[in-house]
Amino acid sequence: MADDLCFFAKDSFVLKAPKKSPLVLRMIVLVFAMVCGIYICSVCLKQISSTTTAGFLNIQLTERPCEKPEIEPSEVPYVHFPRPISYSRAECACNPVRFFAILSTQRSGSGWFETLLNSHINISSNGEIFSVKVRRSNISTITETLDKIYNLDWFTSASKNECTAAVGLKWMLNQGLMQNHKEIVEYFNMRGVSLIFLFRRNLLRRMISMLANSYDRETKQLNGTHKSHVHSPHEAEILAQYKPSINATLLIRDLKQVEDTAAKALQFFNSTRHSIFYYEDMVKNRTKLVDVMNFLRVPQRDLKSRQVKIHKGSLSEQIKNWDDVRKTLKGTHYESFLQADYQI
């Protein structure tokens, strides 16, 4: 009996588990490997994501605003560091930029003046932006346009590189400026915009230029093309051949109206940082351009323009009904307009 039990015990110890199929084992190993692989990948992705986020946070934390240059406290509101949306200013990001606007009237030398400014490597004056009516349709479209200009996101042929030191535009008084003067003054003062008023002393010469320009717009004397400004003496001679006839009856009224508009503009924008310049003064004395560069706080450069003056010499040779005009202005405070006020 004992032997039987012993035999049974031995047999029980000798028993082996049935062999599992090799295919099942391989499947188990494969599934285990896949699970481990997925886990490892997920851990790695989390680490990469957290590292990238930390990097971005690092950049944001270390990025500092540009320091103001050492200037007078009164100048601080007029120093800006715009960050364009459309491109990066790169190494020039902390180069200060001045905002300006040239306020003028048609045929007052503003086109010539602007080409002089744009010959400066650090100045971008973007032209008569608000000649397009939709841009001045209301104060919202006006401020949106100005924001784009002063943010360096407005692109014209005058746009310079990232290191622009002064950016602005030319704005005629009859292009929504006077109608929205309160809001625009507030905007200029809030954004720290400096104003350059450019007027013409001899309003009679301006009137001749206005009438001649209107005539050429209709007749297109230069090979069927209208040109407000020319770059060759030959073209200037062709346009100067036209002699306008001035309405002597309305002459004094028209001259006074232009005077009043300029005076009103100076009154409206008196609270802004501004400077007044006259076309005739710049023609006679180019050192006036140094005053402009000093006003904009840009380095002094030799400014040049390719434009050629159209109407030159005595007014008696430029007005068809000269005798009527002379008699009308004789004895009035506009009599000085009859004289040659500068030589070219």
Side-chain angles (χ1 to χ4, degrees), residues 102-113 128 130-133 136 170-181 197-222 226-230 236-270 276-283 309-344:
I102 304 166
L103 306 191
S104 187
T105 57
Q106 284 83 357
R107 313 309 295 179
S108 295
S110 60
W112 169 75
F113 175 69
E128 212 168 308
F130 291 108
S131 62
V132 180
K133 290 184 179 180
R136 63 176 196 258
K170 184 173 65 169
W171 201 344
M172 300 295 105
L173 299 186
N174 62 350
Q175 293 174 351
L177 191 64
M178 303 293 278
Q179 295 90 328
N180 300 281
H181 66 91
F197 285 97
L198 180 64
F199 296 127
R200 198 159 184 168
R201 292 188 184 278
N202 194 323
L203 301 181
L204 183 59
R205 286 185 178 272
R206 175 184 176 271
M207 183 177 291
I208 294 170
S209 183
M210 290 279 291
L211 293 171
N213 188 59
S214 297
Y215 175 77
D216 184 68
R217 188 181 289 111
E218 295 176 0
T219 59
K220 299 177 176 60
Q221 303 166 84
L222 298 174
H226 167 60
K227 290 188 177 181
S228 296
H229 308 97
V230 296
E237 288 175 8
I238 293 174
L239 295 182
Q241 289 175 4
Y242 171 71
K243 297 182 179 181
S245 179
I246 296 176
N247 188 330
T249 305
L250 302 177
L251 179 55
I252 291 180
R253 186 207 68 176
D254 292 343
L255 293 175
K256 187 177 187 306
Q257 187 176 11
V258 177
E259 272 187 335
D260 291 344
T261 301
K264 192 175 291 184
L266 291 173
Q267 179 184 353
F268 286 162
F269 294 91
N270 187 50
I276 306 169
F277 296 93
Y278 291 92
Y279 169 72
E280 290 86 349
D281 297 346
M282 292 187 179
V283 171
K309 186 170 177 59
I310 298 172
H311 298 97
K312 300 184 291 185
S314 173
L315 285 175
S316 61
E317 299 174 358
Q318 301 175 36
I319 301 174
K320 188 175 182 179
N321 58 332
W322 167 250
D323 289 337
D324 294 336
V325 170
R326 184 175 57 82
K327 289 176 183 177
T328 301
L329 299 184
K330 198 75 174 175
T332 71
H333 76 281
Y334 300 118
E335 184 176 357
S336 60
F337 293 169
L338 299 172
Q339 310 302 320
D341 45 17
Y342 57 91
Q343 298 295 327
I344 300 287

Between [X] and [Y], is there a donor-acceptor pair closer than 3.5 Å when you use the side chain of the first and the backbone of the second?
X: Asn202; Y: Arg205; value: yes
X: Arg107; Y: Ser228; value: yes
X: Lys220; Y: Arg217; value: yes
X: Asp216; Y: Gln221; value: yes
X: Trp322; Y: Arg326; value: no

- Query: Would you say Gln257 has more than 12 foreign heavy atoms packed within less than 6.0 Å of its CD?
  - Reply: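 Atom CD in Gln257 is not packed in, count stays at 12 or less.
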- request: Identify whether the distance between the nearest side-chain nitrogen and carboxylate oxygen of Lys327 and Asp323 falls below 4.0 Å.
  value: no
I need the minimum non-hydrogen distance between [X] and [Y], along with the two atoms involved.
X: Ala265; Y: Met178; value: N-CE, 3.7 Å
X: Asn213; Y: His226; value: OD1-CE1, 3.2 Å
X: Leu222; Y: Val230; value: CD1-CG1, 4.0 Å
X: Ile208; Y: Ile319; value: CD1-CG1, 3.5 Å
X: Arg200; Y: Ser209; value: NH1-CB, 4.4 Å
X: Gln179; Y: Leu173; value: OE1-O, 4.4 Å

Counting C-beta onward and ignoring hydrogens, is there a side-chain heavy-atom pair between [X] and [Y] closer than 4.5 Å?
X: Pro244; Y: Lys320; value: no
X: Leu255; Y: Leu329; value: yes
X: Lys256; Y: Tyr334; value: yes
X: Thr105; Y: Leu198; value: no
X: Thr328; Y: Ile246; value: no
X: His181; Y: Phe269; value: yes

| task | Please say whether the positively charged group of Arg201, taken as NZ for Lys or CZ for Arg, lies over the ring of Tyr278, i.e. under 6.0 angstrom from the six-membered ring centre and within 45 degrees of the axis. | result |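 Judged by the rule, Arg201 and Tyr278 form a cation-pi pair.
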(Q) Quick one about Ser110 and Ser108 (side-chain donor to acceptor, distance below 3.5 Å, no hydrogens or angles considered), yes or no? (A) no
- Using distance alone, with no hydrogens and no angle criterion, decide if Gln318 and Tyr242 have a side-chain donor and acceptor under 3.5 Å apart.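 The criterion, which ignores hydrogens and geometry beyond distance, is not satisfied for Tyr242 and Gln318.
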Would you please test Asn174 and Gln106 for side chain to side chain donor-acceptor pair (under 3.5 Å) and show each step? CA-CA 9 Å; Asn174 62 350; Gln106 284 83 357; 3.1 Å; yes
Residues at least two apart in sequence or cross-chain that pass salt bridge (charged side-chain N to carboxylate O under 4.0 Å, His left out) with Glu335, listed by chain then number, are Lys330
Note to self: The test is side-chain contact (heavy atoms from CB on, under 4.5 Å); show your working for Glu128 and Trp171 and say whether it passes.
What the structure shows: CA-CA 6 Å; Glu128 212 168 308; Trp171 201 344; over 6 Å; no
